[in-house]
Number of protein chains: 2
Amino acid sequence: MKEIKKDNTENKILEAAHQVFIEKGMDGTRMQEIANTAGINKALLHYYFRTKQKLFESIFAKVFEQVFPKIESLIKSDLPIEEKLGVFIDKYIDILLKNPFIPTFILKEINRDPEFLASVIKSQGINPRQIIEMFQKEMDAGNIRKMDPRELMVNLLGLSIFPFAAKPLMKLVFFENDKKAYNRFLENRKITVKEFILNSILLK
Amino acid sequence: MKEIKKDNTENKILEAAHQVFIEKGMDGTRMQEIANTAGINKALLHYYFRTKQKLFESIFAKVFEQVFPKIESLIKSDLPIEEKLGVFIDKYIDILLKNPFIPTFILKEINRDPEFLASVIKSQGINPRQIIEMFQKEMDAGNIRKMDPRELMVNLLGLSIFPFAAKPLMKLVFFENDKKAYNRFLENRKITVKEFILNSILLK
DNA sequence: GTCTATATGGCGATAGAC
DNA sequence: GTCTATCGCCATATAGAC
């Protein structure tokens, strides 16, 4: 089921825009740089997408989809909670490892236009009710410590995302700017975040 | 020991620049908007600070100081580790509650210019060695679970900062965009983050 | 569809009067 | 020190030839 990407102009633009926007953000990106990256000229960008804003929005929605991955099947599975969390953290941090610019990009842009953000969330049918309910059931069953399930959700996301979003700073302050060491650290988060969370919520 | 701020032009500029930069970031800020906010004209900005970049840098350094607060006295105190952590989390989240734009601002800008970031950190004498060593001692003494102290530091920062940095998104997804409810949630983090961390690291 | 050339507007920065 | 006016540039966007 490999995705077939045609090498036409529109796709070349989308790939180039993705690459530049995600690194520089909306404000920091120049249409000229997207054109150069795509190997075409500026005018074509407007021919296909009319405005920079529209091009940006089509990229943002696609990127956003990746950080709210479809996990319905995982939620509904009958794995014990510690394994569900383990699988989720594993997959989630893997996404971030493969797309290290996403966290900063998203955090930068969610403040720019709240209405647009709301429309993206709505159109993607994002609804955390299922996850919240699952956590609540586990708490009611006495499998994990009682707390506001939303706290757990925010903690889970924060522990996963923050080391990527704050990478330049954390790398500099705690790892003497050693890129490889910090990447090992990030890779290892799949294990340590799981430990940290399970140690906190599992009743012993 | 109240700080006396003179109502001269330079301070008016600094205050206005702080307000605009922290909300819009370097790329998103217009000199005109700073001038309007300060109640003066653009030319004066350049008279006092020559370039936008220089004005930005003087603001960034000052803001940055707030997120790496001086905690030497806390570290050296002979409080038990759970109280040290409690005091730190309390103070840190209080700073963020009073300056809710700081997390997004910092995360936005640390990617823009790594050399400038390094110079700020160096000039402010930021060095996490003391904290790392303190954690290490507590682990060696068997007071908290053994782990890489840097993991604990990053977790501490992530749990504190992320809910502020991702506010528009978390508020929308988990709190039906209810501003007051989300602010209560943030306020309450002083308690829940402490619980979450201590439950994870204290040996039971 | 793709290009070159250009319009249009906005922004950082400066000149120069007061 | 503070202002108005303006320069020079660069970015988005469009016109129009091919």
Side-chain angles (χ1 to χ4, degrees), chain A residues 4-63 101 104-105 108-109 111-113 115-116, chain B residues 4-63 101 105 108-109 111-113 115-116 119:
Chain A
I4 295 152
K5 277 191 186 158
K6 291 188 194 119
D7 189 28
N8 58 22
T9 303
E10 187 167 349
N11 281 330
K12 278 197 286 187
I13 292 174
L14 284 171
E15 278 173 36
H18 183 275
Q19 190 184 319
V20 180
F21 272 135
I22 211 170
E23 201 168 333
K24 308 260 173 97
M26 170 68 176
D27 289 340
T29 290
R30 300 292 92 113
M31 294 295 264
Q32 186 62 60
E33 188 174 355
I34 296 177
N36 292 344
T37 305
I40 54 160
N41 62 72
K42 270 192 303 181
L44 266 186
L45 298 179
H46 290 94
Y47 175 78
Y48 279 93
F49 293 92
R50 251 200 43 221
T51 67
K52 181 184 179 183
Q53 179 65 24
K54 289 214 186 304
L55 179 54
F56 173 78
E57 290 180 2
S58 66
I59 299 295
F60 182 86
K62 219 171 12 172
V63 172
F101 286 115
T104 311
F105 173 73
K108 240 191 261 194
E109 306 302 341
N111 289 283
R112 272 183 18 100
D113 188 345
E115 287 188 28
F116 171 58
Chain B
I4 295 152
K5 279 191 185 157
K6 291 188 195 119
D7 189 28
N8 58 20
T9 303
E10 187 167 349
N11 280 330
K12 277 197 286 185
I13 292 174
L14 284 171
E15 277 174 37
H18 183 275
Q19 190 183 319
V20 180
F21 272 134
I22 210 169
E23 201 169 333
K24 308 260 172 98
M26 170 68 176
D27 288 341
T29 290
R30 301 293 91 113
M31 293 296 265
Q32 185 62 60
E33 189 174 353
I34 295 177
N36 292 343
T37 305
I40 53 158
N41 61 72
K42 266 194 306 180
L44 266 186
L45 299 179
H46 291 95
Y47 175 78
Y48 279 92
F49 293 92
R50 249 201 44 215
T51 67
K52 182 184 178 184
Q53 179 65 25
K54 289 212 188 305
L55 179 53
F56 174 78
E57 290 181 2
S58 67
I59 299 296
F60 183 87
K62 218 172 12 175
V63 172
F101 286 116
F105 174 73
K108 240 191 263 195
E109 306 302 340
N111 289 284
R112 272 183 16 102
D113 188 344
E115 287 188 27
F116 171 58
S119 80

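Here is how names work: the chains are called A, B, and so on, in the same order as the sequence lines, proteins then strands, and each is numbered from 1.
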**Message:** Just by distance, no angles: are the side chains of B:Asn36 and B:Gln32 close enough, under 3.5 Å, to form a donor-acceptor pair?
**Reply:** yes

**Message:** Regarding A:Gln19 and A:Glu23, do their side chains bring together a donor and an acceptor under 3.5 Å, going by distance alone?
**Reply:** no

May I have the distance from [X] (atom [atom1]) to [N] (atom [atom2]), rounded to whole angstrom?
X	N	atom1	atom2	value
B:Ile13	D:dG1	CD1	C1'	11 Å
B:Lys12	D:dG1	NZ	C1'	12 Å
B:Phe56	C:dG12	CZ	C1'	16 Å
A:Lys52	D:dA11	NZ	P	9 Å
B:Lys42	C:dA15	NZ	C1'	14 Å
A:Arg50	D:dA11	CZ	P	22 Å
B:Gln53	C:dA13	CD	P	9 Å
A:Phe49	D:dT12	CZ	P	15 Å

**Request:** Would you check if A:Arg30 and A:Lys24 make a side-chain contact, meaning some heavy-atom pair closer than 4.5 Å?
**Result:** no

Looking at [atom1] of [X] and [atom2] of [Y], how far apart are the two atoms once the value is rounded to the nearest 0.5 Å?
X	Y	atom1	atom2	result
A:Phe49	A:Ile59	CZ	CD1	7.0 Å
B:Met26	B:Leu55	CE	CG	9.0 Å
A:Lys108	A:Thr104	NZ	OG1	7.0 Å

**Asked** With a cut-off of under 6.0 Å to the ring centre and 45° to the axis, is B:Arg112 in cation-pi contact with B:Phe56?
**Response** yes

**Prompt:** Does anything in residues 24-41 of chain A reach DNA chain D, meaning a heavy atom under 4.0 Å, and if so which residues?
**Reply:** A:Thr29, A:Arg30, A:Met31

**Prompt:** Taking only N and O in the side chain of A:His46, is any of them less than 4.0 Å away from OP1 or OP2 of D:dT14?
**Reply:** no

**Prompt:** Is any side-chain nitrogen or oxygen of A:Thr51 closer than 4.0 Å to OP1 or OP2 of D:dT12?
**Reply:** no

**Message:** Can you identify which nucleotide, out of C:dC3, D:dT2, D:dT12, has its nearest atom closest to the A:Leu44 side chain?
**Reply:** C:dC3

**Fill in**
Of C:dT14, C:dT2, C:dT4, the nucleotide closest to the side chain of A:Tyr47 is C:dT2

**Message:** Considering every strand and a 4.0 Å limit on heavy-atom distances, what is the contact class for B:Tyr48: base, sugar-phosphate, or nothing?
**Reply:** sugar-phosphate

